[in-house]
Amino acid sequence: MIGSTKPSEPKIRVLLVDDSTVVRGTLRRILEREPDIDVVGSAENGRVAVVTLGSHPADIVLLDIEMPEMDGLTALPLLLKACPGVKVVMASTLTERGAKVTLQALALGAADYIAKPTTLRQGSGIDIIAEDVIRKVRALGRKGGAAPRETPPTPRGPVRSSAVVPRVLAIGSSTGGPAALSAVLRGLPPQFTLPILVTQHMPPTFTAMLAEHLGKDGRRPSQQARDGQPVLAGQIYVAPGDYHMVVEGGNGSSVLRLNQQPPENFCRPAVDPLFRSVAAAYGAATLAVVLTGMGEDGRRGGEAVVDAGGTVVAQDEATSVVWGMPGAVAQAGLAAAVLPLGEIAKHVARLAKMI
């Protein structure tokens with residue numbers, strides 16, 4: 001059993017959708033051993049899932065992508081319509097095709113994804129998958145998306161935006177991040193020329209595909225970062241899966257470095273190393289944005305940005321899929337502004353004096 005919520009809280013209701021009876025059974029066993037999670041039903045394809053959801057309302061749907069009769073991508077909008085407010089988590093293979101379809105699903109309204117259980121024996125990967133499934137179900141099923149800390153940080157006093165015009169934009173995100181990143185980048189004006197450094201919690205293959213999508217949505221060059229690459233104006237750089245992305249140098253000669261130092265906040269790439277390094281390289285000319293995501297990655301890095309005189313902006317709770325990361329930053333008193341997703345791009349451009 002992996003740390004649960006208080007017994008008095010309502011159980012998180014989950015619907016399982018997969019054409020494999022073995023996978024459905026495995027996921028059911030993983031979830032039903034948790035006292036705060038209730039599997040309310042299962043379905044072998046998208047068509048059955050839509051009907052089942054109508055009679056068995058759920059908070060979370062774990063949805064396979066490839067199924068007969070109706071696949072997950074086709075079923076997704078129907079499920080969201082059948083039960084407004086439901087969070088759909090795609091079960092994806094960690095392949096190029098899986099990444100492509102998963103990113104399509106996230107753009108269509110899926111909240112997150114999990115690695116599809118393929119090796120189903122204890123001790124051969126299933127335990128890691130179980131931990132990920134439970135963590136994401138809890139984060140999406142619990143308002144706020146983050147377990148309360150026993151000793152929350154003491155909030156600072158009011159933090160104002162830096163008087164220094166920023167020279168770099170660093171963005172951190174996790175659950176719900178791909179769609180939020182696209183929204184922010186689409187909203188930036190063509191004259192916005194700051195380099196944009198992105199850390200999104202994703203595995204390899206997915207991050208390369210994400211960089212391609214963000215380039216199309218942001219209408220500017222975008223790539224998965226390479227070690228030693230110079231940081232250039234008007235470019236988007238995405239941290240590759242399984243590598244932290246940091247900045248070295250400054251004063252117009254910054255370069256990107258990739259490393260496999262230990263995960264931070266259980267993540268690699270993580271937002272904190274990026275924010276710390278950008279604060280060290282750019283000082284008060286740092287602008288950092290924390291978007292939707294579970295956990296509190298970005299809080300410690302946000303402290304470094306504020307200590308260096310830079311500016312941190314956080315997405316608000318109402319528009320976040322999970323208000324873990326931005327909530328941790330806001331509650332620590334680090335955010336100069338806490339804004340709805342739709343207002344972040346304009347605010348960022350205004351701070352950069354580019355509108």
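Since this is a predicted model, take the numbers as computed values, not measurements.
- A distance-only check finds no donor-acceptor pair linking the side chain of Arg350 to the backbone of Ile355 [under 3.5 Å].
- Under a hydrophobic-cluster definition in which Ile, Leu, Val, Met, Phe, Trp and Tyr are linked whenever side-chain heavy atoms come within less than 4.5 Å, directly or via other members, Val165 and Leu351 are assigned to different clusters.
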Apply side-chain hydrogen bond (donor to acceptor under 3.5 Å, both in side chains) to the pair Tyr243 and Thr207, showing each step before the final yes or no. CA-CA 11 Å; Tyr243 286 85; Thr207 48; over 6 Å; no

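- No side-chain N or O of Thr205 forms a donor-acceptor pair with one of Glu96 less than 3.5 Å apart.
- Donor-acceptor pairing under 3.5 Å is recorded for the side chains of Ser92 and Thr102.
- A donor-acceptor contact shorter than 3.5 Å is absent between the side chain of His244 and the backbone of Arg268.
- Taking a 6.0 Å sphere around CZ of Arg97, one finds it holds 12 or fewer heavy atoms contributed by other residues, nucleotides or ligands.
- Side chain of Asn45 to main chain of Arg47: a donor-acceptor pair is present (N/O by atom type, distance under 3.5 Å, no hydrogens or angles).
- A donor-acceptor pair under 3.5 Å is absent between the side-chain atoms of Asp71 and the main chain of Ile65, judged by distance alone.
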Before giving the answer on salt bridge (Lys or Arg N to Asp or Glu O under 4.0 Å), spell out for Lys216 and Glu212 the whole-Å C-alpha distance, their side-chain angles and the decisive distance to 0.1 Å. CA-CA 7 Å; Lys216 291 176 182 176; Glu212 182 181 332; 3.5 Å; yes

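- Checking side-chain atoms of Thr286 against main-chain N and O of Gly283 turns up a donor-acceptor pair under 3.5 Å.
- The two residues Ala110 and Leu76 make their nearest non-hydrogen contact at N-CD2, 3.9 Å.
- Using a 4.5 Å heavy-atom threshold, the side chains of Val348 and Leu169 count as touching.
- Side-chain contact between Asp297 and Phe266 is absent, with no heavy-atom pair separated by less than 4.5 Å.
- For the residue pair Tyr282 and Val247, the shortest heavy atom distance occurs at CE1-CG1, 4.1 Å.
- Remark: side-chain polar atoms of Asp64 are not paired, donor with acceptor, to backbone N or O of Val17 under 3.5 angstrom.
- Among Arg219, Met354, Arg220, the one residue that satisfies the side-chain contact (heavy atoms from CB on, under 4.5 Å) test with Leu188 is Arg220.
- Side-chain N or O atoms of Thr52 include none that pairs as donor or acceptor with a backbone N or O of Ala43 at under 3.5 Å.
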For salt bridge (Lys or Arg N to Asp or Glu O under 4.0 Å), just list the numbers for Glu264 and Arg300, CA-CA rounded to whole Å, side-chain angles, deciding distance to a tenth of an Å, and then say yes or no. CA-CA 10 Å; Glu264 296 191 28; Arg300 291 186 178 87; over 6 Å; no

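- Between the Trp323 side chain and the Met294 main chain, no donor and acceptor come within less than 3.5 Å of each other.
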Decide yes or no on side-chain contact (heavy atoms from CB on, under 4.5 Å) for Ile60 and Val86, but give the supporting numbers first. CA-CA 6 Å; Ile60 310 289; Val86 71; 5.9 Å; no

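- Remark: Asp227 CG to Arg257 CZ distance equals 5.0 Å, nearest 0.5 Å.
- Other residues, nucleotides and ligands contribute more than 12 heavy atoms inside 6.0 Å of the CZ atom of Arg24.
- Checking side-chain atoms of Asp316 against main-chain N and O of Val338 turns up no donor-acceptor pair under 3.5 Å.
- Linking ILVMFWY side-chain heavy atoms closer than 4.5 Å, directly or via other members, places Leu108 and Leu103 in a single hydrophobic cluster.
- Remark: Ser42 OG to Arg28 CZ distance equals 5.0 Å, nearest 0.5 Å.
- A distance of 13.5 Å separates CD1 of Ile236 from CD of Gln224, quoted to the nearest 0.5 Å.
- Separating the CG atom in Leu27 from the NZ atom in Lys116 is a distance of 8.0 Å, to the nearest 0.5 Å.
- Side-chain contact between Asp18 and Glu44 is absent, with no heavy-atom pair separated by less than 4.5 Å.
- When all heavy atoms of Gln200 and Ser174 are compared, the closest pair comes out as NE2-O, 3.0 Å.
- Taking hydrophobic clusters as Ile, Leu, Val, Met, Phe, Trp and Tyr residues chained together by side-chain heavy-atom distances below 4.5 Å, Leu79 does not share a cluster with Val48.
- Side-chain contact between Thr26 and Val23: absent, with no pair of heavy atoms (C-beta onward) separated by less than 4.5 Å.
- Residues Val40 and Val14 form no side-chain contact, since every pair of their non-hydrogen atoms from C-beta on lies 4.5 Å or further apart.
- Residues Val329 and Val312 are in side-chain contact: their nearest non-hydrogen atoms beyond the backbone lie under 4.5 Å apart.
- Contact detail for Ala328 and Arg299: the closest heavy-atom pair is O-CD, 3.8 Å.
- Distance CG/Leu181 to CG/Leu210: 6.5 Å, rounded to 0.5 Å.
- Annotation: the span from Phe275 atom CZ to Ile171 atom CD1 amounts to 8.5 Å, rounded to 0.5 Å.
- Counting only heavy atoms from C-beta outward, the side chains of Leu256 and Arg226 never approach each other to under 4.5 Å.
- Val51 and Leu62 sit in two unconnected hydrophobic clusters of ILVMFWY residues. Membership requires side-chain heavy atoms under 4.5 Å apart, directly or through other members.
- Other residues, nucleotides and ligands contribute over 12 non-hydrogen atoms within 6.0 Å of the CD atom of Glu32.
- Hydrophobic clustering keeps Val305 apart from Val246 (ILVMFWY residues linked when any side-chain heavy atoms are closer than 4.5 Å, directly or through intermediates).
- Atom NZ of Lys100 has 12 or fewer neighbouring heavy atoms from other residues, nucleotides or ligands inside a 6.0 Å radius.
- Side-chain contact, Gln223 with Gln229: a donor N or O sits under 3.5 Å from an acceptor N or O.
- Distance alone, capped at 3.5 Å, is enough to place a donor-acceptor pair between the Thr292 side chain and the Thr175 backbone.
- Of all heavy-atom pairs spanning Ala270 and His201, the tightest one is CA-NE2, 4.3 Å.
- Checked by atom type, the side-chain pair Gln260/Asp242 shows a donor-acceptor distance below 3.5 Å.
- Figure legend: Lys136 and Tyr113 shown as a cation-pi pair, the cationic atom lying under 6.0 angstrom from the six-membered ring centre and within 45 degrees of its axis.
- In this structure the side chain of Pro269 never reaches within 4.5 angstrom of the side chain of Leu274, judged on heavy atoms.
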